[in-house]
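Structure record follows, encoded as C-alpha cells.
This one's a predicted model, so the numbers in the text were calculated from it and none came from an experiment. Numbering of residues begins at 1 and proceeds along the displayed sequence.
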Amino acid sequence: MICEMCGKEVPSTLRIEVEGSILRVCESCRRFGKLLDPLISPTPAASGSARPWNAPVGAIPPRPRRSSEERDLFSEVPDMDLAPDWGRRIRVAREARNWTQEELGKRLNEKKSLVLKLEGGSFRPPDDTIRKVETLLKIRLRSDAKDALTSA
Ligand SMILES: [Zn+2]
C-alpha cells in the first residue's frame, strides 16, 4: 500500500481526515490529520453490567465458572414451571383490563410482537419477564405450588 501523503510504500495504511478529505497514510503521516481508524478496538462491556476491567490488552477476562458450587447458588431459582395455559392466562388478564397488546407491551417494556408470542404460547419468556407479567397483571403463570404473589 502506498501512503497518499508521502508516497511511501508501507505494509499497511491508516485512514486520516485532512480538511474534510480522507487519506490513507503511513504511520508517520498520520499525525497530519485526524485518525479515523481506531488503533485499538475496545469491546466495551455491555451497558448495565459496568464492571471495570483494566487488565492489559490481550489478557483474558475472567470467565464465570460453571462449577457445581455455582449451580448450587442458582438452584433455588430453577426454571419456572409454567402452567400449560400460561399464554391464555396472559391474554385473559390483559383483556380484563381492556389493554391492547401494544399497551401491555409498553407496560412490560417489551415489543408488541413479544406480547403476541406470549399470548400465543409460542415463546417461553425468560423468568424475569414471567415475573414482570405476573406482577403487572396480578396473575400466576407458574404451575408450582409456591405462591409468589401477595394478594395486596
Ligand atoms: Zn506517509
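Both L35 and M5 belong to a common hydrophobic cluster when Ile, Leu, Val, Met, Phe, Trp and Tyr are linked at side-chain heavy-atom distances under 4.5 angstrom.
Interatomic distance, SG of C26 versus CD of E4, reported as 11.0 Å (0.5 Å rounding). To the nearest 0.5 Å, the span separating NZ on K117 from CD on E110 amounts to 10.5 Å. Rounding to the nearest 0.5 Å places NZ of K106 at 14.5 Å from NZ of K111. Taking CG of L108 as the reference point, atom CD of Q101 lies at 11.5 Å (rounded to 0.5 Å). Between atom CZ of residue R140 and atom CD1 of residue I130 there is a gap of 11.0 Å, rounded to the nearest 0.5 Å.
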Check your understanding: S28 and K8: side-chain contact (heavy atoms from CB on, under 4.5 Å), yes or no, with the steps?
Key -> CA-CA 10 Å; S28 48; K8 206 169 77 180; 4.0 Å; yes
Please determine whether side-chain contact (heavy atoms from CB on, under 4.5 Å) holds for the pair L118 and W86, giving the CA-CA distance in whole Å, both sets of side-chain angles, and the decisive distance to 0.1 Å. CA-CA 8 Å; L118 293 182; W86 58 273; 4.1 Å; yes
- Message: What verdict does the side-chain contact (heavy atoms from CB on, under 4.5 Å) test give for R131 and R142, after you've listed the backbone C-alpha separation in whole Å, the side-chain angles of each residue and the deciding distance to 0.1 Å?
- Response: CA-CA 10 Å; R131 284 197 201 89; R142 283 167 261 184; 4.0 Å; yes
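Nearest heavy-atom pair across M1 and P11 is SD-O, 3.8 Å. The nearest pair of heavy atoms linking L82 to P125 is CD1-CD, 4.5 Å.
A 4.5 Å side-chain heavy-atom check between L137 and L104 finds at least one atom pair inside the cut-off. Side-chain contact between L114 and F123: present, with at least one pair of heavy atoms (C-beta onward) separated by less than 4.5 Å. Here the side chains of I139 and L141 are in contact, with some heavy-atom distance below 4.5 Å. Between W99 and L136, some side-chain heavy-atom pair lies under the 4.5 Å cut-off. Side-chain atoms of R94 and E119, non-hydrogen and from C-beta on, do get closer than 4.5 Å to each other. Counting heavy atoms from C-beta on, the side chains of E27 and V10 never come closer than 4.5 Å.
In summary, E103 and K112 do not engage in a salt bridge, as defined by a charged side-chain N under 4.0 Å from a carboxylate O.
R91 places no side-chain N or O within 3.5 Å of a backbone atom of G87 that could act as its donor or acceptor partner.
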Please report, to 0.1 Å, the donor-acceptor pairs under 3.5 Å made by any side chain of residues 12-23, with sequence neighbours excluded.
residue	atom	partner	partner atom	Å
R15	NE	D37	OD1	3.3
S21	OG	V18	O	3.0

